[in-house]
Amino acid sequence: MSTIQWSTLLPIVCYFALMYFIGFYALKLVNNASLRKGGSGAAYMEEYMTGGRGTGGFVLAMTLVATYLSAGSFIGGPGTAYTHGLAWVFLAMSQIPTGYYTLMVLGKKFAIVSRKTGANSISDFLRARYESNAVLIIASLSIIFFLIAAMAAQLIGASRLLQGSTGLDYTTALIFFAITVVVHTAVGGFRGVVLNDTLQGVVMTVSTAALFIAIVMKGGGIANIVQAMKAINPGMISPYGVKEGFMTVPWVSSFWVLVGFAIIGLPAVAQRAMSYKSSKSLHSGIIYGTIVSLVLLMGMHLAGAFGVTQVSGIASGDLVIPTLITNLFNPVVAGIILAGPLAAVMSTVDSQLLVVVAAIVNDLLVNYIKPELKANFKKLRTITIATCCIVGLIIVALAFDPPELMVWLNLFATAGQLSTFLWPTILGLYWKGANAPGAIAGMVSGIGTYLYFNYYLPRPLGLHPIVPSLALSLLAFVVVAKMTKKPSEKVIRLFWEL
Amino acid sequence: MTERTESQVLETNEYGFVEDPRYKQCEKEAWYGIILGIVNLVIWAVAGYGLGSGPVEEYSYIMGFPAWFFISCIANSVFAVVATIYLVTRKMRDMPLDPMTKEEAEEFVRNGGKAR
């Protein structure tokens, strides 16, 4: 693996070059659009963060799916399915609702409210709804810490993939990859990210289909492969997996909450639900999103599970997909197929990066430190792009030599975001009684109980800890909100009045 | 329908202001999402654990997959797509997303919650 596989690397380099092109093209769009709207900082922010709310249906679906599906679904998940068989595919299919759930539940109301309040991000929404510095600061800090950790972990995954399949050394792979993501996000903003996500969604779909079909053909059809899996270990085709007491019913079912119903609480995902153009784009987005997410989830996880019958003895789960790809395809085609998992990582990291930049520039800087920036388009643009690069440098530094804290934080990254944002978003949108003390109680008890369970009670009642901590968080939110002062009439009118 | 007066078209709520008439439909659509999610979960659990809990030797197979897997994952996904298409085309409604004037809102309600 020390020699560089140029024939595999070349298609990947071309693909990355395209990302830059799209980023700079979007930069031009953002500039033109903000100048048309008067060239103020506020117009720039709306353009940069939500693409001027002009996302159409297909693009909405692609950006939602590509943002949500990350290294976990393209590298880690299939790698685990390789070890545990169909049971892990079964677990992964708790994500059936991915495509329709967020868009239907936040739905048009979220889009209407975000237009009424001028919200460009989930934090803007929370600020308007709860009028509380404490809520906003908890939200912003949660975004900054959890997402930086999550992004660093994604970068590590992508760099290992590049390293394993092309022979680049880890550092080169990391820097090559990170610069591509950071530059296209920094210059293109939401528009650049969304356009890139769309391309990446298409690449992910093509790559998944190619890999799945190749594996099924090589294995002599599905029936043969399933019987071969059974011969390796009957547990591979049972919903309980190969390891006694690991994939228990309550634990596996909990994933319907962790990666199913609760993903509304992921800010990068929720942001998508405020960016679309019209109810028509939402409608077609729901249909495309459901189809594409199911094809990708099923295809990649089955490819991992079926892979065990073709290449045995892959030790590290993260190497399953790259090993399968390099074994099944000639080097050039392998490069093209590998673009799929790399795209999955890139499209997740770029959206998360944008959310972190929004938290720093929009939520903290413009609101608390330098409100006068709202009027100055050029200065705000410079600061935004600079912040993006600085955050990029931080995640590269973390991925370069992952500190223990980072590994720890990443374990909590998804659950941490869910505990922070799920209830304040949903209840704020649908319940007039939701107020700031309730939201704070919900956030604090959600994060707190999740940490507690993880340390002292890893499977409370057999469940994944996210389930009881979200339940307790909801309880705390509602009880505290009922006992404290109702939200001001001004807020209720802003959100609910015609 | 036509004899309704203006004040009846737009109802005021317990705070004494006129609520955005689009929200009723929005809330319905949110429930569709939640209910479909629960139906998918039930199919997944019943088929997966109902058919998959017996001894592996006694499994039946559909298109090469064990029946529990085929129904809980593959058929369930197809069902999700069909149900989504049904909900989106038959149950969900087009509406403007920008703030509405009073006249537009009245028009919206008179049309039974449909966009013009």
Side-chain angles (χ1 to χ4, degrees), chain A residues 53 86-87 89-90 93-94 96-97 99-112 115-116 221-227 230 234-235 237-240 249 253 256 260-261 276-280 282-284 286-287 289-291 294-295 297-298 430 432 489 492-493 495-498, chain B residues 10 13-15 17-23 25-27 29-34 36-38 40-41 44-45 48-49 51-53 55-57 59 61 63-66 68-69 72-74 76-78 80-81 83-85 87-89 92-102 105 115:
Chain A
R53 301 190 208 280
L86 291 184
V89 187
F90 180 61
M93 292 319 281
S94 60
I96 287 176
Y100 64 80
Y101 194 74
T102 309
L103 290 178
M104 275 170 121
V105 172
L106 289 179
K108 293 162 195 158
K109 188 162 181 190
F110 198 54
I112 293 171
R115 282 164 163 84
K116 280 184 180 173
I222 290 167
N224 277 339
I225 296 175
V226 170
Q227 293 310 319
K230 186 178 152 195
I237 63 164
S238 118
Y240 297 96
V249 178
S253 304
W256 278 81
F261 300 135
Y276 53 87
K277 186 163 59 185
S278 64
S279 55
K280 281 211 173 62
L282 173 74
H283 291 169
S284 51
I286 291 175
I287 297 177
T290 306
I291 296 172
L294 288 172
V295 168
L297 284 166
M298 186 65 97
Y430 290 106
K432 291 195 186 83
E489 198 182 321
I492 301 288
R493 277 182 183 269
F495 273 69
W496 271 274
E497 195 173 20
L498 177 61
Chain B
L10 296 174
N13 66 2
E14 71 270 27
Y15 287 79
F17 64 79
V18 175
E19 208 159 297
D20 196 316
R22 291 170 290 185
Y23 288 175
Q25 175 64 22
C26 291
E27 275 166 35
E29 293 178 3
W31 279 112
Y32 296 148
I34 294 170
L36 179 55
I38 293 172
N40 277 145
L41 167 61
W44 175 90
Y49 289 116
L51 297 172
S53 291
V56 173
E57 286 311 318
Y59 280 174
Y61 295 86
M63 292 172 71
F65 290 103
W68 70 265
F69 181 83
S72 70
C73 296
I74 296 171
N76 202 7
S77 298
V78 174
V81 172
T84 307
I85 293 173
L87 288 174
V88 165
T89 52
M92 295 178 70
R93 286 186 181 155
D94 276 332
M95 59 176 77
L97 300 174
D98 287 311
M100 285 172 139
T101 63
K102 200 163 170 238

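Values below: every heavy atom of this structure, side chains too, minus hydrogens, waters and symmetry copies.
- Interface residue I492(A): backbone and side-chain heavy atoms are both found under 4.5 Å from chain B.
- Within the 4.5 angstrom heavy-atom criterion, atoms from both the backbone and the side chain of Y15(B) approach chain A.
- When heavy atoms are compared at a cutoff of 4.5 Å, Y61(B) approaches chain A solely by way of its side chain, counted from C-beta outward.
- With chain A as partner, the option from L51(B), V78(B), I85(B) having the largest number of non-hydrogen pairs under 4.5 angstrom is I85(B).
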I'd like to know whether E19(B) forms a salt bridge (charged side-chain N to carboxylate O under 4.0 Å, His left out) with K432(A), so could you lay out the CA-CA distance, the side-chain angles of the two residues, the decisive distance to 0.1 Å, and finally the verdict.
CA-CA 12 Å; E19(B) 208 159 297; K432(A) 291 195 186 83; 3.2 Å; yes
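- Options H283(A), M298(A), K280(A) differ in how many heavy-atom pairs under 4.5 Å they form with chain B, and the most are formed by H283(A).
- Partners of F110(A) according to the ring-ring contact (aromatic ring centres under 6.0 Å, His included) rule, which considers only residues two or more places apart in sequence or in another chain, are F125(A).
- Heavy-atom distances place the side chain of I96(A), and not its backbone, under 4.5 Å from chain B.
- Residue L294(A) touches chain B through its side chain alone, counting heavy-atom pairs closer than 4.5 Å.
- Interface summary for chain A: among I74(B), V81(B), L41(B), N13(B), the most heavy-atom pairs under 4.5 angstrom belong to L41(B).
- The contact between V249(A) and chain B is made by backbone and side chain atoms together, counting heavy-atom distances below 4.5 Å.
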I would like to know whether K116(A) and D98(B) meet salt bridge (charged side-chain N to carboxylate O under 4.0 Å, His left out); could you show each step before the answer?
CA-CA 7 Å; K116(A) 280 184 180 173; D98(B) 287 311; over 6 Å; no
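- Geometrically, K109(A) engages Y23(B) in a cation-pi contact, judged by NZ or CZ lying under 6.0 Å from the ring centre and within 45° of the ring axis.
- With respect to chain A, the highest number of heavy-atom pairs below 4.5 Å among S77(B), G52(B), P55(B) belongs to S77(B).
- The aromatic rings of Y101(A) and F261(A) are tilted relative to each other, their planes meeting at an angle between 30° and 60°.
- The parts of E497(A) that come within reach of chain B are both its backbone and its side chain, each placing non-hydrogen atoms under 4.5 angstrom from that chain.
- The part of W256(A) that comes within reach of chain B is its side chain, from C-beta onward, which places non-hydrogen atoms under 4.5 angstrom from that chain.
- Only the side chain of L87(B) comes within contact range of chain A, judged by heavy atoms closer than 4.5 Å.
- The distance between the ring centers of Y49(B) and Y240(A) falls below 6.0 angstrom.
- Applying the ring-ring contact (aromatic ring centres under 6.0 Å, His included) criterion to Y276(A), with sequence neighbours excluded, gives no partner residue.
- With a 4.5 angstrom heavy-atom cutoff, W44(B) touches chain A via backbone and side-chain atoms both.
- A salt bridge links K230(A) with E57(B): the distance from a Lys NZ or Arg NE/NH1/NH2 to an Asp or Glu carboxylate oxygen falls below 4.0 Å.
- Counting heavy atoms of neighbouring residues, nucleotides and ligands inside a 6.0 Å radius, atom NZ of K277(A) does not exceed 12 of them.
- Per-residue heavy-atom pair counts under 4.5 Å with chain A were compared for L97(B), V56(B), I38(B), and the maximum is reached by L97(B).
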